Amino acid sequence: MDKIQMKTPLVEMDGDEMTRVIWKMIKDTLLTPYIDLKTEYYDLGLENRDATRDQVTVDSAEATKKYGVAVKCATITPNAARVKEYNLHEMWKSPNGTIRAILDGTVFRAPILVKGIVPFLPAWKKPITIARHAYGDVYKNTECTVPAGSRAELVITAPDGTETRELIHQFQGPGVVQGQHNLDGSIASFARTCFRYALDTRQDLWFATKDTISKKYDHRFKDIFQEIFDQDYKDKFQEAGIEYFYTLIDDAVARVVRSEGGFIWACKNYDGDVMSDMVATAFGSLGLMTSVLVSPDGVYEYEAAHGTVTRHYYKWRNGETTSTNSMATLFAWTGALRKRGELDQLPDLCRFAGKLEQAAVQTIEEGVMTGDLIPLSSLENKRKVDTEAFLTEVAKRLEALL
C-alpha cells in the first residue's frame, strides 16, 4: 500500500519523560509505516527549553498559527525540585500556558469511551466535553502576604491619572491577599470559540460562573457570552437544533452529575482545570481523555490531557518494564491528522485517523490493555501488556482494518 501523502506540515512539539518515549513509539509503529509524515519539529523537552531560554516554546506556538494544526507531547512544568534535577537557569513557565496565551485559545477535553470501562456515574451515557478558558484568573494572579495591622486596597489608575479605590480588608491579624484580572477580548474569544465548537460538533453548550457572588468579575463573563450569543449565534443554534444554557456553577455541577452527558460544559480557567480532572476520573482515567486547544480564528493544537508519567519514566530509564497508557497521546496524533486532512481536503488521511482510533479502542475492548485500565475494566478476560506491546497490538488491528 502506498503511503498517504500530506500537503501541509503538522507542527510537532516533542515533550518529556515517558510520554516522549511513547511519542517515538507511536510514530515508528503506527504512523510512518502508513503516512509520508510531514512535520515541522520543535523539541519542547525541558533541556531544550532551558537551552533556548524557552524561545522554542514561543517559536512552536507561532508556527502553529502559521500552519493551523499542531500536535503536542506532554511536557514538564518545573518546580523547585525540577530546577535542581535539570540544573535549569530558571523555573520556566508552563509550556501549555505560554502556547494558550499566544494562540488565545480555549481547551476542549472529552473522554474516550470504551466498552468495559463504565463511568462511576451510571447516568453518564455520552461524553461530556469540558471547555476551559485559558487566560487569566488565578493563573495570572498577583499575591502578597500581609502583616497584621495592614490595610489592603484595590487601586485602579485611569489613563488620566485619576484613581478608584476599593477597600479589600483591614487586617487585624496577618493574612494573604490576591489580585486577579481578565480581559474583555479574551472572554469574547472564549465565548466565540465555544459557540463555534458547539455548532461544529452539534452539541448543547452550558456555561456557568458565580455571578450572584462576583457581581462584576463573573458577571462580566455572563454578559459577554450572552451578548455574543444573541448577536451572532442565536439563530444558528436554533437552526442546528442545539441550546445555549447559562446557570450558576454550583447548579451546573448538580445538573452535570444527574445528566446523561452529550454536551459541552464551558468553564472559567480554574473551574475548567478542576472539572476536567473530575470528569476524566469519573469516566475512567486521564489516560482516556482527549484535549485540543482551539483559537478563535480556527487554529488547533492537540495534546494529551495528562502529565509526563514521571514514575514510569524512571523505571523505563532503569531498564524495567512499564505498562503506560498511550491512548491520550495516540488520540492527540489522530486528532491532528484528521484536522490536517479536513483542512487540506485529504480524505485518506481522515479515514486513516478514524481507523487508527478504531483499532486502539478495539484493542482495549478485546481485553488487551495497560495496567492502569485493568482495575477499571469490567471485562471478564483481560490481559495486561507493557507499553510497547499495547502499541504492537493496536498495529495488528490497524493492519486488519486497513
Side-chain angles (χ1 to χ4, degrees), residues 1-4 6 10 12 14-37 39 71-74 112-117 284-290 302-338 348-377 379-402:
M1 186 175 74
D2 292 337
K3 288 188 177 184
I4 298 169
M6 294 176 61
L10 287 173
E12 178 186 352
D14 211 343
D16 287 300
E17 298 189 318
M18 197 63 205
T19 45
R20 187 182 182 98
V21 176
I22 290 171
W23 194 260
K24 187 176 186 303
M25 289 180 183
I26 289 172
K27 288 175 66 178
D28 292 347
T29 305
L30 298 170
L31 301 182
T32 55
Y34 304 99
I35 305 170
D36 183 17
L37 195 62
T39 71
V71 58
K72 180 183 174 294
C73 185
I112 303 165
L113 301 187
V114 298
K115 293 177 183 176
I117 298 180
S285 168
L286 270 174
L288 291 175
M289 197 80 168
T290 65
Y302 294 82
E303 61 184 353
H306 56 69
T308 58
V309 203
T310 304
R311 184 173 59 86
H312 284 202
Y313 175 65
Y314 291 152
K315 289 179 64 176
W316 176 84
R317 194 172 60 180
N318 292 331
E320 300 177 47
T321 299
T322 66
S323 184
T324 315
N325 188 347
S326 55
M327 286 288 283
T329 304
L330 177 57
F331 271 65
W333 272 105
T334 56
L337 290 169
R338 180 184 291 107
D348 287 347
L349 192 59
C350 296
R351 278 193 292 269
F352 174 84
K355 294 293 185 184
L356 180 49
E357 290 178 355
Q358 184 182 346
V361 170
Q362 183 182 336
T363 301
I364 297 173
E365 291 183 344
E366 291 178 0
V368 181
M369 62 193 76
T370 48
D372 62 311
L373 299 181
I374 292 287
L376 302 176
S377 176
L379 298 177
E380 292 184 4
N381 299 313
K382 294 175 283 190
R383 177 163 62 94
K384 177 183 173 181
V385 293
D386 64 37
T387 308
E388 191 168 7
F390 177 77
L391 294 174
T392 301
E393 291 286 341
V394 174
K396 292 178 184 176
R397 290 162 179 79
L398 176 62
E399 187 71 28
L401 290 171
L402 293 174

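Nothing here was measured: the structure is a model prediction, and the numbers come from that model.
- Between Trp23 and Val71 there is a side-chain heavy-atom pair separated by less than 4.5 Å.
- The distance from atom CG of Leu391 to atom CG of Leu398, rounded to the nearest 0.5 Å, is 11.5 Å.
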Checklist entry - Given Leu356 and Leu31, is the side-chain contact (heavy atoms from CB on, under 4.5 Å) satisfied, shown in steps? => result CA-CA 9 Å; Leu356 180 49; Leu31 301 182; 3.9 Å; yes

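- Within 6.0 Å of NZ in Lys382 there are more than 12 heavy atoms belonging to other residues, nucleotides or ligands.
- When the shell of 6.0 Å around CD of Glu380 is examined, it contains 12 or fewer heavy atoms from other residues, nucleotides or ligands.
- Using modelled atom types, no side-chain atom of Thr39 and backbone atom of Leu10 make a donor-acceptor pair closer than 3.5 Å.
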Next on the checklist: Under the criterion side-chain contact (heavy atoms from CB on, under 4.5 Å), I'd like the reasoning laid out for Val368 against Arg397: C-alpha separation, chi angles, the key distance, then a yes or no.
Outcome noted: CA-CA 12 Å; Val368 181; Arg397 290 162 179 79; 4.0 Å; yes

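- In terms of heavy-atom proximity, Ala332 sits nearest to Ala304 at CB-N, 4.1 Å.
- For the pair Tyr314 and Met18, the minimum side-chain heavy-atom distance is 4.5 Å or more.
- Side chain of Asn318 to main chain of Glu320: no donor-acceptor pair is present (N/O by atom type, distance under 3.5 Å, no hydrogens or angles).
- No more than 12 heavy-atom neighbours from other residues, nucleotides or ligands sit within 6.0 angstrom of CD on Glu388.
- Counting non-hydrogen atoms of neighbouring residues, nucleotides and ligands closer than 6.0 angstrom, the CG atom of Asn381 reaches no more than 12 such neighbours.
- Of all heavy-atom pairs between Tyr34 and Glu399, the closest is OH-OE1, 2.6 Å.
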Next on the checklist: What verdict does the side-chain contact (heavy atoms from CB on, under 4.5 Å) test give for Arg20 and Asp14, after you've listed the backbone C-alpha separation in whole Å, the side-chain angles of each residue and the deciding distance to 0.1 Å?
Outcome noted: CA-CA 7 Å; Arg20 187 182 182 98; Asp14 211 343; 3.5 Å; yes

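- The minimum heavy-atom distance between Leu30 and Pro33, with the atom names listed, is C-CD, 4.1 Å.
- With values rounded to the nearest 0.5 angstrom, Ile374 atom CD1 is found 7.5 Å from Lys384 atom NZ.
- The distance from the CD atom of Gln362 to the NZ atom of Lys355 is 10.0 Å, given to the nearest 0.5 Å.
- Taking CD1 of Ile26 as the start and CZ of Phe331 as the end, the distance is 11.0 Å to the nearest 0.5 Å.
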Next on the checklist: Is there a side-chain contact (heavy atoms from CB on, under 4.5 Å) between Phe390 and Leu373? Walk through the geometry before answering.
Outcome noted: CA-CA 12 Å; Phe390 177 77; Leu373 299 181; over 6 Å; no

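- Shortest non-hydrogen contact noted between Leu376 and Ser285 is CD1-CB, 4.2 Å.
- Tested against His312 for a side chain to side chain donor-acceptor pair (under 3.5 Å), the candidates Thr370, Asp372, Thr324, Thr19 yield a single pass: Thr324.
- Within a 6.0 Å radius of CZ in Arg311, no more than 12 heavy atoms belonging to other residues, nucleotides or ligands are found.
- A 6.0 Å sphere centred on CG of Asp2 holds no more than 12 heavy atoms belonging to other residues, nucleotides or ligands.
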Item to check | Evaluation steps, salt bridge (Lys or Arg N to Asp or Glu O under 4.0 Å), between Arg383 and Glu393 | outcome: CA-CA 12 Å; Arg383 177 163 62 94; Glu393 291 286 341; 3.3 Å; yes

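- Here Ser326 contributes atom OG and Met25 contributes atom CE; the two are 9.0 Å apart, rounded to the nearest 0.5 Å.
- Of all heavy-atom pairs spanning Asp348 and Ile4, the tightest one is O-CD1, 3.6 Å.
- The side-chain heavy atoms of Ile117 and Met369, taken from C-beta on, include no pair separated by under 4.5 Å.
- Here the shortest heavy-atom pairing between Ala305 and Ala328 reads N-CB, 4.4 Å.
- Judged purely by atom type and a 3.5 angstrom limit, Lys27 has no side-chain atom pairing as donor or acceptor with the backbone of Thr32.
- Expressed to the nearest 0.5 Å, how far CE of Met327 lies from OG1 of Thr329 amounts to 10.5 Å.
- Remark: the Thr387 side chain and the Thr322 side chain contain an N/O donor-acceptor pair separated by less than 3.5 Å.
- Remark: the backbone N or O of Lys72 is not paired with any side-chain donor or acceptor of Glu303 at under 3.5 angstrom.
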